[in-house]
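Okay, so here's the structure we're looking at.
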Amino acid sequence: MMEVLDILLSASFWAAAVRIASPLIFATMGEIICERAGVLNLGIEGIMVIGAFAGWMAVYVGAPLWFGVAVAMGAGMLFGLLHATLTVPFGLSQHVVGLGVTLLATSTSYFAYRLMLPEVSSPPKIAPFQPYEIPLLSDVPLIGPALFAQTPMTYAAFLLAGLVAFTLYRTPLGLALRSVGENPAAAAAQGLSVTGLRMGAVIVGSGLMAVGGAFLTLSAFSSFFFEMVNGRGWICIALVVFGAWKPGKAVLGALLYAAFDAFQIRLQQTPIGAVVPYQFFLMMPFILSILALIAMSRRAEVPAALMVAFNRGER
Amino acid sequence: MNAAQDGARDVVLRLDRITKRFGKLVANDAVSLTLQRGEVVALLGENGAGKTTLMNILFGHYVADEGTVEAFGEPLPPGHPRAALAAGIGMVHQHFTLADNLTVTENILLGTVPLWRMRLDLTRAKARIAQLSRDFGLSVHADAKVGALTVGERQRVEILKALYRDARILILDEPTAVLTPQETEALFETLRKAVGLGLSIVFISHKLHEVMAISDRCLVLRHGKLVGEADTHQTDRHALASMMVGAEIVPPDVSPARPGLAILKLSGVTTPDHGAAPGLKSVTMDLRAGQITGLAGVSGNGQAALSDLISGVIVPQEGTLCLGGEERKAWTPRRAVHSGIARIPEDRHHTGTIADFDLTENTILETYMDPPISRWGWMNWGAAEKRARDVIEAYDVRCPGPSARIRLLSGGNMQKLILGRVLEQDPEVILANQPVRGLDIGAITYVHNRLLAARDAGAAILLISEDLDEIIQLSDVIHVISEGRLSPEFSRGSRTPAELGLWMAGQGFGEAIDAA
């Protein structure tokens, strides 16, 4: 048991949890925006891949880091536009289109990567975002290094969550977005453009998902390799449900999942890891997430018009 | 207000020769309408006459193929609800356009604030809503989620939504279809206040007594055409009804019943309460062949439990049922169908039909397991379609054909199909739960005549209705239900409506039980 305590009391564990949570927060906020407007975006996994690739590529060819983030966002918005066009005005199945977008975005990224770097065996590295220690705050024991010695993208992730929550609940735009996800007919009767709002939400949301992907290459791993997103997009879909479509709760969910993940990595290196097969540790965050999901999402209020296409003038 | 007092009645709304086609169907055929300040115009017509289409064009949900709309002297661009709202037109839709998970205030605010403003000022909005509530007598709880409200409250929110935007013209599409009589009276009170404050109202309905009570002028639509116009105070219900249907209305001729043996008996049946809805409390009743037994009562007093019990959906806690001389504790829905119990469910959209199934599939929902519809586990779609065609033919179901999805049918035609589905099986017992709710006069008369014909053919009919007039008109014997308790059986004409009303309010049960 001492090993477990050691892990829980180490600043590096908490810092890792916050770092692992950051890309999930970006992408989860993106998905929340989409789903609150009534569109399920299963393109999330592929959009994270294209974000990771496009952001990294821009920086690799010489662009500044923040410009790389912008390129990732733009690439994500492009695929968001594709998803939005097919699902909103054309009203196609959101599941099928989403999975298609994921496959297309993923293979496009891998293809472009191979085109541009045909002959590398080990992935080339870029100079990623460096941690920025916030004066004074970062000196607080334990939470200082965990929360206030992170890279700028992590700070941006948490600021974004606040911004999304504020927009959803405190601005007319947020009310309009939520209404098209709850009852598009009501929104249309009030003179709002359901198509415009939903498309806008999907495009912006997809941009944020791509930034989540770019976090992996520009802030965490400093290179792009295949399978690097590794199901994070699907985790975010679950986090949206876990958070009951609320940004604050979703951030907590992301942190919880990230803590499990950081915990299992460290636990593998203790004597316990010598006895228990490592696959068990890899399973842990998923099993715990499922249990938490069961406990948390019982009374969640699903946006009533999620996955319901809306066509004006239809009889 | 001043304008009205001066007598300078100016036109606030003018629809000019509106035509709208849906494929081959002409929903509106050169319909013109004018509305004056401070006036209530009723738009009358049977289901499918084109009332709602006309108002949806006015409000910009549909674009008319021909014709123009003018509000306050300005032409209204077609196809833009926003333009209609800006011109001061507010619409209360028949199917409310409210988001359940948002609060009352949020629903009302929706679309009234520019999208890119940084903040929602809820405090000011609430103050304004409170003010409007007082002015118009519309009490609502501003912070409640709409999903938690009753139907009457939701309608008040819909009206507040329009008033909040300073609507000068209110369009109400079948506003009373879902209201209790008391709620309807409160709505009329609100509308009178609105007219007093200078608003103009278009009131869409097919309920004649309401039209007579609230409107100044009536326009009658039939098959998409304007077929008549009348000053409400110089016409009567009968004349309007004839205009709506295009023929003289003949009320069903109720001949005396020739009751036979009791086919279905309930003795001392008690069922569990279901949330706020009471179960049955030691109910004993006999349904006799060749007789209509009416069940009067305010909605939610155990009618659902009784209907579910007979349908075979719930099982009694105590007491026994007896069907055709055979005593049973309960039965399953399938058993009920096989034992000759015909069920006309209360909610034809949710429990009576499957919206996206076609007419053939809906026709055989109860009989698909039996020959000739299926044999040895194989469907015989030819036989099924023939059954559907027979019902469509015999029951005058107006539809594109047996392969049309049933959701495309009007309520009246849907009900005719359900009637045909169950009556074609020559049932011994008919459970008719609110069989004419939401139907127009023509369809109501049709359903009533069919039920009477089934009675004369020897069926035992239980008619459940919240409409006391309907119960009194059709029933040979009447029971009143209140909080799950059943009154003694009253024969036709032995109690006045007022006396039955007292039973409905729960009086008289104590003595009856003492006497027993």
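Note that the coordinates shown come from a computational prediction; the quantities given were computed from them, not determined experimentally. Numbered from 1 within each chain, the chains take letters A, B, ... in sequence-line order.
- For the residue pair A/N41 and A/E31, no side-chain donor N or O sits within less than 3.5 Å of a side-chain acceptor on the partner.
- B/L98 touches chain A through its backbone: at least one of N, CA, C or O sits under 4.5 Å from a heavy atom, while the side chain does not.
- If you measure heavy-atom distances from B/L122 to chain A, you find no contacts under 4.5 Å at all.
- Judged by distance alone, the side chains of A/Q190 and B/R82 never bring a donor and an acceptor atom under 3.5 Å apart.
- Of the two parts of B/K20, neither the backbone nor the side chain holds a non-hydrogen atom closer than 4.5 Å to a non-hydrogen atom of chain A.
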TODO: Using the side-chain contact (heavy atoms from CB on, under 4.5 Å) rule, take B/M55 and B/T52 through it: C-alpha gap first, then chi angles, then the decisive distance, then the call.
DONE: CA-CA 5 Å; B/M55 290 304 114; B/T52 302; 5.8 Å; no
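- Side-chain N or O atoms of B/K161 include one that pairs as donor or acceptor with a backbone N or O of B/T97 at under 3.5 Å.
- In this structure, chain B has no heavy atom under 4.5 Å from any part of A/V180.
- A/L197 touches chain B through its side chain: at least one heavy atom from C-beta onward sits under 4.5 Å away, while N, CA, C and O do not.
- Of the listed residues B/L85, B/L110, B/L102, the one with more heavy-atom pairs under 4.5 angstrom with chain A than any other is B/L110.
- Ring centroid separation for the pair B/H61 and B/H80 does not come in under the 6.0 Å cut-off.
- In summary, A/E182 and B/K145 do not engage in a salt bridge, as defined by a charged side-chain N under 4.0 Å from a carboxylate O.
- Most heavy-atom pairs under 4.5 Å with chain A: of the set B/H93, B/M91, B/R119, this distinction falls to B/R119.
- Ranking A/A176, A/P184, A/S179 against chain B, the residue ahead of the rest is A/S179, based on heavy-atom pairs under 4.5 Å.
- The candidate with the highest count of non-hydrogen atom pairs below 4.5 Å against chain B, out of A/A185, A/S193, A/G191, A/P172, is A/P172.
- Annotation: B/Y62 is in aromatic contact with B/F22 [ring centroid separation under 6.0 Å].
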